[in-house]
Amino acid sequence: FFFDTLAIMAKGAKKGPAHPASKFLQAALVLVIISCIFAFVSLFVPWSLKKPSSTERKSIQLFQNCYWDPTHYLDLYSCQENNMDLTYPNDLPIYGDAKCRGYFMATTAFTFLTFIFALFCICALVFVLSKIHTKPVAVCAAAAVLVFLTWVFCMLAWIMYIVYAEHPCGTRGIPMRGYSVAFILMILASVMMLFAMCLAYFALIKLKKWQPPQPEFTYPEVDRPMYFGEPSASPYNVPAPYSQNHNAPGPDYPYAKTPYA
């Protein structure tokens, strides 16, 4: 998909001179692609990493939680799906707390929406780049709005996780915290989406002000035969057929002699 995107961009760039908005759109596209990858990875890597003791480790992911003993020679992992049932106060990640369940499910939903909307942004930006010389202002505006929504979802994902991780879930009274890889990736993704949003709006302004160049009119070339022989006599060198010599005697016209009275 990435190489197909570059091919479309290169094909669009050959249609005419460099567009003033193309650099902004290309930079925004690169940032959105990286953010989309970060959001996808965040769905499957730990958001929190806990160290209850020297022989125990816990990782909290969006769909499962894992335990392992780093001192064991086999370093075995034991993972299970997240239990979102309120009737189990001792199960990760919510410990039977309704508020923690809401915060955690909101984090999952916003992370998934970030990934989906980032894909929409990529498609919209690629389309604008491929049709940039036709001045697709409406599509560029839609792409800018999609980038803005993706940035909002990305921000809400890690903000809601902070609310979850700082809330003492259940009766334990101990916040989760221990922010890990996915949390950092989503913060980086939100920063890149912020820059991508600014670049998309700059590109929209440039695209509105840009006027397509008018084609120059050129006269068609006519193939003329080439002559390699003697030049023919020009008709302009031939004397006029009705030219007169005023010194020559005129014609003798007959006339009637009338006697004078």
Is any side-chain heavy atom of Lys99 less than 4.5 Å from a side-chain heavy atom of His167?
yes
Scanning both residues in full, the closest heavy-atom pair of Ala196 with Val147 reads C-CG1, 3.8 Å
Is any side-chain heavy atom of Cys154 less than 4.5 Å from a side-chain heavy atom of Leu194?
no
Salt bridge Arg177-Glu166, side-chain N to carboxylate O under 4.0 Å
yes
Tell me, do Cys66 and Gln61 make a side-chain contact under 4.5 Å, heavy atoms counted?
yes
Fit a plane to each ring of Trp151 and Phe148, take the angle between them on a 0 to 90° scale, and name the class: parallel (under 30°), tilted (30 to 60°) or perpendicular (over 60°).
tilted
Ring centroid separation for Tyr103 and Tyr161, is it under 6.0 angstrom?
no
Side chains of Met155 and Phe110, heavy atoms from C-beta outward: is any pair under 4.5 Å?
no
Heavy-atom check, side chain of Pro93 versus side chain of Phe104, under 4.5 Å
yes
So Tyr201 and Ile205, do their side chains get closer than 4.5 Å, heavy atoms only?
no
With a 4.5 Å cut-off on side-chain heavy atoms, are Tyr67 and Gln80 touching?
yes
Do Leu119 and Cys36 come within less than 4.5 Å of each other through their side chains, counting heavy atoms only?
yes
